[in-house]
Amino acid sequence: MAAPSAKTQKCDVAIIGAGPVGLFAVFECGMLEMRCAVFDALSAPGGQCAALYPEKPIYDIPGYPRIDAAELVDRLAEQAAPFEPQYHLGHAVTRLEATEDGFLIENAAGLRCAARAVIIAAGAGAFGPNRPPLSGIEAFEDKSVFYLVRRREDFRGRRVVIAGGGDSAVDWALSLSDVAGRVSVVHRRGKFRAAPQSAARLQQLASEGRIDLVVPYQLHGLEGDSGQLSAVIVADLAGRTRRLETDCLLPFFGLATDLGPLASWGFDIDHNRIRVDAATCATSRSGIFAIGDIAFYPGKLKLILSGFAEAALAAHAIHPLVHPGEALHFEYSTMKGVPGR
Ligand SMILES: Cc1cc2nc3c(=O)[nH]c(=O)nc-3n(C[C@H](O)[C@H](O)[C@H](O)COP(=O)(O)OP(=O)(O)OC[C@H]3O[C@@H](n4cnc5c(N)ncnc54)[C@H](O)[C@@H]3O)c2cc1C
């Protein structure tokens with residue numbers, strides 16, 4: 001059993017996963033006077049909504065006939081903000097151990113947090129990009145090499161090299177061609193694996209000179225200084241190289257999800273999901289709850305709205321662990337209000 005050290009941070013509830021469901025759990029816990037720390041392997045909150053489809057509309061969030069995924073994330077973060085969650089982003093949680101009065105959580109950066117209870121809102125596992133094998137790429141990451149686009153306005157007027165041949169590469173090439181100074185798409189084949197309509201539009205923009213198709217080429221090297229790219233070197237199958245001057249590189253080779261250490265934390269795992277009690281979202285380990293896509297019970301629907309309801313169930317079930325002996329009187333938000341509002 002681990003003992004928290006003097007440097008360990010403290011919270012009532014540690015939430016592993018800052019996807020839409022983890023973010024809403026901050027609100028639900030906050031309404032019951034429980035302070036949260038939120039951990040995510042990604043460097044920004046939003047989970048699948050931010051990493052996979054930020055600009056796609058969602059139509060089944062109650063009260064919003066249509067909302068873009070990125071906007072939903074912004075609104076969830078705003079709804080959580082009055083409860084002042086501590087965010088620990090950009091590093092996966094690698095350790096979860098029981099302590100005398102709760103749990104010790106540690107992320108890959110060595111940050112430790114002691115919590116009375118834990119909510120696992122880890123979706124399909126920690127997200128990480130499939131990185132191209134280019135030496136020194138780490139030095140450019142998050143400065144001029146990006147694995148996801150948060151705001152396309154960030155690329156206005158800039159020269160962008162996109163690498164990849166799937167939907168993300170093609171969709172972002174089309175989208176950024178409206179704002180970027182120049183868009184070049186590097187793909188090792190002449191044919192793209194994207195939706196036929198999008199692939200056809202890509203060819204059309206290429207024929208109009210609005211996008212450069214650099215095919216069949218692969219990424220070969222990077223040039224630049226202090227994290228800022230000046231050029232991407234590409235090579236064809238015969239090893240002949242070309243130099244593409246650029247301000248940024250967006251490699252879209254897919255995101256890998258990794259259940260990682262979660263799988264060895266002693267849960268009842270069923271097809272990569274954690275079995276929970278549907279009434280409380282409690283896992284087989286006392287004090288640890290699972291909600292959202294990672295949670296499984298008979299009849300479970302992998303929808304954001306199901307995850308929101310699970311966040312409320314888990315928060316109510318956790319309350320007696322954080323506030324033992326205090327009676328919990330069920331109250332509506334309209335009666336209780338929210339701090340600062
Ligand atoms: C293209 C697409 C369209 C969709 N459209 C809809 C829709 O219209 N309506 C709908 O309801 N749903 C939709 N979904 C599904 C919806 O996005 C998911 O149900 C939702 O994102 C689940 O939220 P979550 O918070 O449970 O998990 P996720 O969004 O998957 O977030 C989990 C987070 O946990 C983090 N994490 C995992 N393990 C660790 C760890 N060890 N350490 C640190 N962080 C960790 C991950 O990095 C990730 O950010 C869609 C999904 C896709 C891919």
Side-chain angles (χ1 to χ4, degrees), residues 14-28 36-73 76-77 80 86-96 103 105-113 118-129 147-148 150 166-168 171 194-195 254-265 267 269 272-274 276 281 288-296 300-311 313-314:
I15 300 176
I16 302 177
V21 176
L23 291 176
F24 193 62
V26 174
F27 174 83
E28 284 296 327
C36 297
V38 189
F39 294 80
D40 206 296
L42 288 174
S43 54
Q48 293 174 46
C49 295
L52 300 181
Y53 59 106
E55 295 195 342
K56 283 208 162 84
I58 307 179
Y59 300 100
D60 56 355
I61 301 299
Y64 289 99
R66 174 200 156 124
I67 183 166
D68 285 356
E71 192 189 341
L72 175 65
V73 172
L76 287 166
Q86 310 157 24
Y87 287 105
H88 304 296
L89 304 176
H91 305 281
V93 171
T94 48
R95 192 169 153 209
L96 169 64
F103 298 91
I105 291 95
E106 187 173 328
N107 72 10
L111 185 131
R112 290 174 167 204
C113 184
V118 175
I119 293 180
I120 307 218
F127 272 119
Y147 299 102
L148 55 97
R150 267 173 221 119
D167 281 311
S168 295
D171 288 351
L255 287 169
T257 51
D258 181 11
L259 217 48
L262 254 169
S264 59
W265 288 341
F267 300 119
I269 303 256
N272 280 338
R273 294 199 280 166
I274 300 174
V276 297
C281 291
I288 306 182
F289 297 73
I291 60 177
D293 277 12
I294 191 97
F296 176 77
K300 161 83 186 187
L301 289 177
K302 271 201 200 179
L303 286 175
I304 295 168
L305 68 85
S306 317
F308 288 168
E310 290 155 14
L313 291 174

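First listed ligand is number 1; within each ligand, the first listed atom is number 1. Computed from a predicted structure; not experimentally measured. Computed from heavy atoms alone, side chains included, the values below leave out hydrogens, waters and symmetry copies.
- Both the backbone and the side chain of Ala122 come within 4.0 Å of ligand 1, counting heavy atoms alone.
- Under a 4.0 Å criterion applied to the non-hydrogen atoms of Ala121, ligand 1 contributes the atoms 32 (C), 33 (C), 34 (O).
- Ring-plane geometry between Phe24 and Phe27 is classed as parallel, the angle between the planes falling under 30 degrees on a 0 to 90 degree scale with a further cut at 60.
- Looking only at protein heavy atoms, the nearest one to atom 19 (O) of ligand 1 is Asp293 OD1, 2.8 Å.
- Compare Leu89, Ile304, Thr94 by their heavy atoms: the one nearest to atom 12 (N) of ligand 1 is in Ile304.
- Of the possible polar contacts, none joining the Lys56 side chain to the Cys49 backbone as a donor-acceptor pair under 3.5 Å is found.
- For a threshold of 3.5 Å applied to N or O pairs, the pair formed by Asp60 and ligand 1 contains at least one separation below that value.
- The structure places OG of Ser168 at 7.5 Å from CG of Leu52, a figure rounded to the nearest 0.5 Å.
- Near Gly292, the atoms of ligand 1 lying under 4.0 angstrom from a non-hydrogen atom of the residue are 26 (O).
- Close contacts of ligand 1 with Ile58, meaning ligand atoms under 4.0 Å from a residue heavy atom, involve 7 (C), 8 (O), 9 (N).
- Among protein heavy atoms, atom 29 (O) of ligand 1 sits closest to Gln48 N, 2.9 Å.
- Atom 13 (C) of ligand 1 has Tyr53 OH, 3.5 Å as its closest protein atom, hydrogens excluded (heavy atom only).
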### Message
Please evaluate residues Phe289 and Leu313 with respect to the criterion side chain to side chain contact (heavy atoms under 4.5 Å, CB included), reporting the C-alpha separation (whole Å), side-chain torsions for both, the decisive distance (0.1 Å), and the verdict.
### Response
CA-CA 10 Å; Phe289 297 73; Leu313 291 174; over 6 Å; no
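- Here the side chains of Leu262 and Ile294 are in contact, with some heavy-atom distance below 4.5 Å.
- Counting protein heavy atoms only, atom 39 (C) of ligand 1 is closest to Ala126 CB, 3.6 Å.
- Nearest non-hydrogen protein atom to atom 23 (O) of ligand 1 is Pro20 CG, 3.5 Å.
- Within ligand 1, counting atoms from 1 as listed, the ones closer than 4.0 Å to a heavy atom of Val21 are 23 (O), 24 (P), 25 (O), 26 (O).
- Of the protein's non-hydrogen atoms, the one nearest atom 27 (O) of ligand 1 is Gly123 CA, 3.3 Å.
- When only interatomic distances are considered, the shortest N/O to N/O separation between Ala41 and ligand 1 falls below 3.5 Å.
- The shortest N or O to N or O distance between Asp40 and ligand 1 is below 3.5 Å.
- Rounded to the nearest 0.5 angstrom, Thr94 OG1 and Ile105 CD1 are separated by 11.0 Å.
- Taking CZ of Phe103 as the start and CZ of Arg95 as the end, the distance is 14.0 Å to the nearest 0.5 Å.
- A distance of 7.5 Å separates CD of Gln48 from NZ of Lys302, quoted to the nearest 0.5 Å.
- Rounding to the nearest 0.5 Å places CD of Glu71 at 10.0 Å from CZ of Arg66.
- Formation of a donor-acceptor pair under 3.5 Å by the Asp167 side chain with backbone atoms of Ala195 is found in this model.
- Close approach to Leu42 involves these atoms of ligand 1, each under 4.0 Å from a residue heavy atom: 49 (O).
- Here the shortest heavy-atom distance to atom 37 (C) of ligand 1, taken over Gly125, Ser306, Gly17, belongs to Gly125.
- For ligand 1, the atoms lying closer than 4.0 Å to a non-hydrogen atom of Gly47 are 29 (O), 31 (O), 48 (C), 49 (O).
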### Query
Stepwise, does the side chain to side chain contact (heavy atoms under 4.5 Å, CB included) test hold for Ile269 with Ile274?
CA-CA 5 Å; Ile269 303 256; Ile274 300 174; 4.1 Å; yes
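- Side-chain atoms of Asp68 never come within 3.5 Å of backbone atoms of Ala70 as a donor-acceptor pair (strictly under, hydrogens ignored).
- Annotation for ligand 1: atoms under 4.0 Å from non-hydrogen atoms of Leu52 are 53 (C).
- Within ligand 1, counting atoms from 1 as listed, the ones closer than 4.0 Å to a heavy atom of Val93 are 40 (C), 41 (N), 42 (N), 43 (C).
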